[in-house]
Amino acid sequence: MPFRKKVIAANWKMNKTTAEAAQFVSDFKIELGDETHADVVLVPAFVALKTVSDLLTGTGIKLGAQNIFWEKSGAFTGEISAEMLREVFVRYVVIGHSERRQYFGETNATVNKRVKAALAAHFRPILCIGETLAEREAGKVEEIVVSQFREGLAGISEAEIPDEIIIAYEPVWAIGTGKTATPAQAQEVHALIRRTAAGVFGEKFAEKLRIQYGGSVKGANSRELMGQPDIDGALVGGASLDPREFALIVKNSV
Ligand code: PEP
């Protein structure tokens with residue numbers, strides 16, 4: 001099995017003002033110390049990107065954005081372009097988060113356009129997929145996860161697919177609810193995603209593909225989750241707001 005460097009991302013959602021984000025970065029640098037075995041990504045609100053970017057200069061910590069639009073510029077109120085993100089040295093972009101799908105009408109088709117825009121701009125998309133509780137109870141986990149994967153990456157050929165893509169498996173029922181998928185439940189779906197990736201894009205791509213787990217990850221459960229063979233990191237919401245807790249999650253990913 002090839003080595004896959006863990007990738008741990010802090011999705012702050014609509015939390016932290018610029019001043020609060022700056023405070024986090026200075027505290028987090030101390031908490032993290034010289035830990036370098038994982039890729040660590042901070043994903044603040046758009047207005048805090050520039051400040052966080054400046055504060056991350058010279059550290060190994062990377063910057064992510066919470067979305068990207070597929071047009072270059074124009075009359076698209078509320079959206080953000082690749083060029084705007086590049087200007088502040090964004091490297092990763094979270095796409096298709098369940099909150100975007102649930103509250104803002106994102107579909108697999110719009111998610112697909114955003115993924116392509118991110119790839120065209122040489123960002124690393126973090127494509128979020130995962131089933132709701134009703135879908136899980138109806139026995140539809142495989143159907144939902146596979147279709148979100150296939151449709152989110154539709155139109156990208158085996159020859160074109162870059163290793164930069166990251167998948168975040170985030171069961172919707174576990175996001176912000178305190179309910180975590182058990183390590184076995186999460187591993188089962190991660191293995192399914194890797195098999196699906198192998199079927200669509202080939203074994204070589206699938207072996208390198210990094211698949212994060214997201215859904216109430218915290219210091220106390222992170223080691224066991226990321227100890228599973230197909231779990232290559234975490235996308236963390238609530239627990240990433242606290243610098244000590246988030247640093248603990250990073251340290252637990254060894
Ligand atoms: C998320 O927003 O991606 C997430 C997983 O949130 P939480 O960790 O709060 O469940």
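Numbering of ligands and ligand atoms starts at 1, following listing order.
Closest to atom 1 (C) of ligand 1, if we only count protein heavy atoms, is H97 NE2, 3.2 Å. Nearest protein heavy-atom contact of atom 8 (O) of ligand 1 is G237 N, 2.8 Å. The nearest heavy-atom contact from the protein to atom 9 (O) of ligand 1 is G238 N, 2.8 Å.
With hydrogens and angles ignored, the 3.5 Å screen pairs a side-chain donor or acceptor of Q185 with a backbone N or O of T182. The backbone N or O of A48 lies less than 3.5 Å from no partner atom in the side chain of T51, so there is not a single donor-acceptor pair. Under the 3.5 Å distance criterion, the side-chain polar atoms of R124 are left unmatched by any main-chain donor or acceptor of R91. Side-chain N or O atoms of W12 include none that pairs as donor or acceptor with a backbone N or O of L42 at under 3.5 Å. No donor-acceptor distance shorter than 3.5 angstrom exists from the side chain of R244 to the backbone of F28, with no hydrogens or angles considered.
The shortest separation from a heavy atom of K218 to ligand 1 is not under 4.0 Å, leaving the residue out of contact. Residue contact annotation: A239 has no non-hydrogen atom under 4.0 Å from ligand 1.
Distances below 4.0 Å separate heavy atoms of E170 from the following atoms of ligand 1: 1 (C), 3 (O), 4 (C), 5 (C). In summary, the atoms of ligand 1 found under 4.0 Å from a heavy atom of S216, numbered by their order in the structure, are 7 (P), 8 (O), 10 (O). Of all the atoms in ligand 1, the ones that sit under 4.0 Å from a non-hydrogen atom of G215 are 5 (C), 10 (O). Ligand 1 places these atoms under 4.0 Å from at least one heavy atom of L235: 3 (O), 5 (C). Near G176, meaning under 4.0 Å from one of its heavy atoms, ligand 1 places the atoms 7 (P), 9 (O), 10 (O).
Put simply, the side chain of E245 reaches to within 4.5 Å of the side chain of K218, judged on heavy atoms.
The proximity of N11 to ligand 1, defined as any non-hydrogen pair under 4.0 Å, is limited to the side chain. With a 4.0 Å cut-off on non-hydrogen atoms, A174 touches ligand 1 through its backbone and not its side chain.
A salt bridge links E99 with K13: the closest approach of a Lys/Arg side-chain nitrogen to an acidic carboxylate oxygen falls below 4.0 angstrom.
Ring planes of Y213 and H190: tilted class, angle from 30 to 60°.
For ligand 1, the polar-atom distance check finds no N/O of T177 at less than 3.5 Å from any of the ligand's N/O atoms.
In this structure, Y92 has its ring center at least 6.0 angstrom away from the ring center of F123.
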